[in-house]
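Report on the structure given below.
Each ligand, and each atom within it, is numbered from 1 in the order the structure gives. This one's a predicted model, so the numbers in the text were calculated from it and none came from an experiment.
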Amino acid sequence: MAALIETEDLCRHYRSGAEMVRALDGVDLRIEAGSFVAAMGPSGSGKSTFLHIVGCLDRPTRGRYRLAGEDLAQASVDHLARIRSRRIGFVFQSFHLLPRADALTNVELPMIYAGLPRRIRRERAALALEKVGLGHRMGHRPNELSGGQQQRVAIARAIVNGPDLLLADEPTGALDTRTGEEIMALFQALHRAGTTILLVTHEPEIAAYASRLIRFRDGRVIEDRVQEPRRAVEVAP
Ligand code: ADP
């Protein structure tokens, strides 16, 4: 498989007064297209910083970052924004949905930014909601949906532009165990359909659903192994 993500000596340093914080301190990683990777590590180990650079929300202080073969370590902010909207979908712990907009409109948002006409937006948003099992809830607003359903809407929004990469930052952190497992079943189904997923979590039970585990500590990768993923049970939402 081709490398979707490649980093070499990736560093992100922050100056904090007289001190230098090495949030990332020489990370060499290669992640193939079609992977399902979980990144773990204690708080402050550099997981979010890594996710932000991979997601083109931040740039490294030093080192290389290639996404689909393109070197982005020195890319302009505008170019990173274009790459983000074209290639990357994000899922967050707290869903980040627009409260006054219904599910369909929430899923349409990335296509509004991409300048697609309304008819195509509606069609694709409906299809994405069907993929996540919410075809029957398109007209519902976030406060009319359960936490698990809101996260499904957020996942539909993240995949609607057909991204190369799905990035998830603690996507089950606000959900109970059962609902968290349902969301992991959805990620596993998307992975089987070909989506590349990089997920940050501090819960070993959640990381167990991925096929590869990367562990960060003090801005470095201290463990990197493939694993037999635990199979999440799918339930109709
Ligand atoms: P994690 O996601 O594993 O909790 P982070 O990537 O958020 O870790 O942070 C790694 C280190 O970098 C921490 O010591 C954190 O305090 C520091 N850090 C993160 N962002 C900034 C920032 N904007 N300014 C200064 N230090 C930061």
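A 4.5 Å side-chain heavy-atom check between F216 and L24 finds at least one atom pair inside the cut-off. Using a 4.5 Å cut-off on side-chain heavy atoms (C-beta onward), E130 and H136 make no contact.
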For this session: Walk me through it: do Q74 and H79 pass the test side-chain hydrogen bond (donor to acceptor under 3.5 Å, both in side chains)?
Result: CA-CA 10 Å; Q74 327 257 330; H79 186 59; over 6 Å; no
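Around the CZ atom of R178, the shell of radius 6.0 Å holds more than 12 heavy atoms that belong to other residues, nucleotides or ligands.
Each of Y14, V21, A23, P42, S43, G44, S45, G46, K47, S48, T49 has a non-hydrogen atom positioned under 4.0 Å from some atom of ligand 1.
Looking at Q150 and H96, their side chains never bring a donor and an acceptor atom within 3.5 Å of each other.
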Distance-only criterion, 3.5 Å: show the donor-acceptor pairs between side-chain atoms of residues 39-52 and protein atoms not counting sequence neighbours.
from : atom 1 : to  : atom 2 : distance (Å)
S45  : OG     : P42 : O      : 2.7
K47  : NZ     : G41 : O      : 2.8
K47  : NZ     : P42 : O      : 3.1

